[in-house]
Amino acid sequence: PFLHAGQIINAGCGPLVMAPVSQLSSLWFNTGERTRATTAAIMAYNLGSTSGFLLGPAVASSEESVPRLLYVHVGFALAACI
């Protein structure tokens with residue numbers, strides 16, 4: 001049940017993170033800079049997701065090290081919240 005709840009919460013946050021990028025770039029940047037600003041924001045989001053997929057196998061190479069991986073994820077989440 002915790003796995004399903006976590007996936008539902010994660011999926012619910014996706015549109016909230018990805019949708020405002022183009023709206024914020026249209027508010028903050030002039031016409032000539034919007035494309036670069038939107039591209040930089042989307043690439044930063046995608047690189048963060050990619051690093052999450054690469055971090056998992058590097059930290060948790062066996063079943064016994066999975067809790068360590070979860071602590072690393074909690075640390076990153078706390079750093080982002082702070």
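Reckoned from all heavy atoms, side chains included, excluding hydrogens, waters and symmetry mates.
The side chain to side chain donor-acceptor pair (under 3.5 Å) contacts involving residues 28-47 comprise Ser25-Thr38, where partners must be two or more places apart or lie in separate chains. Sorted by first and then second residue, the side chain to side chain donor-acceptor pair (under 3.5 Å) pairs involving residues 59-82 (not counting sequence neighbours) are Ser62-Glu64.
Nearest heavy-atom pair, Gly56 versus Leu69, reported as atom, atom and distance to 0.1 Å: CA-CD1, 3.7 Å.
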side-chain contact (heavy atoms from CB on, under 4.5 Å) between Leu70 and Val74, worked out: CA-CA 6 Å; Leu70 296 176; Val74 167; 5.6 Å; no
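Side-chain heavy atoms closer than 4.5 Å link hydrophobic residues (I, L, V, M, F, W, Y) into clusters, and following such links, possibly through other members, connects Leu24 to Phe29.
Within the model, atoms CG of Leu55 and CZ of Phe76 stand 5.5 Å from one another, a figure rounded to the nearest 0.5 Å. Here Leu47 contributes atom CG and Ile42 contributes atom CD1; the two are 12.0 Å apart, rounded to the nearest 0.5 Å.
With a 4.5 Å cut-off between side-chain heavy atoms of Ile, Leu, Val, Met, Phe, Trp and Tyr, the cluster of Ile82 takes in none.
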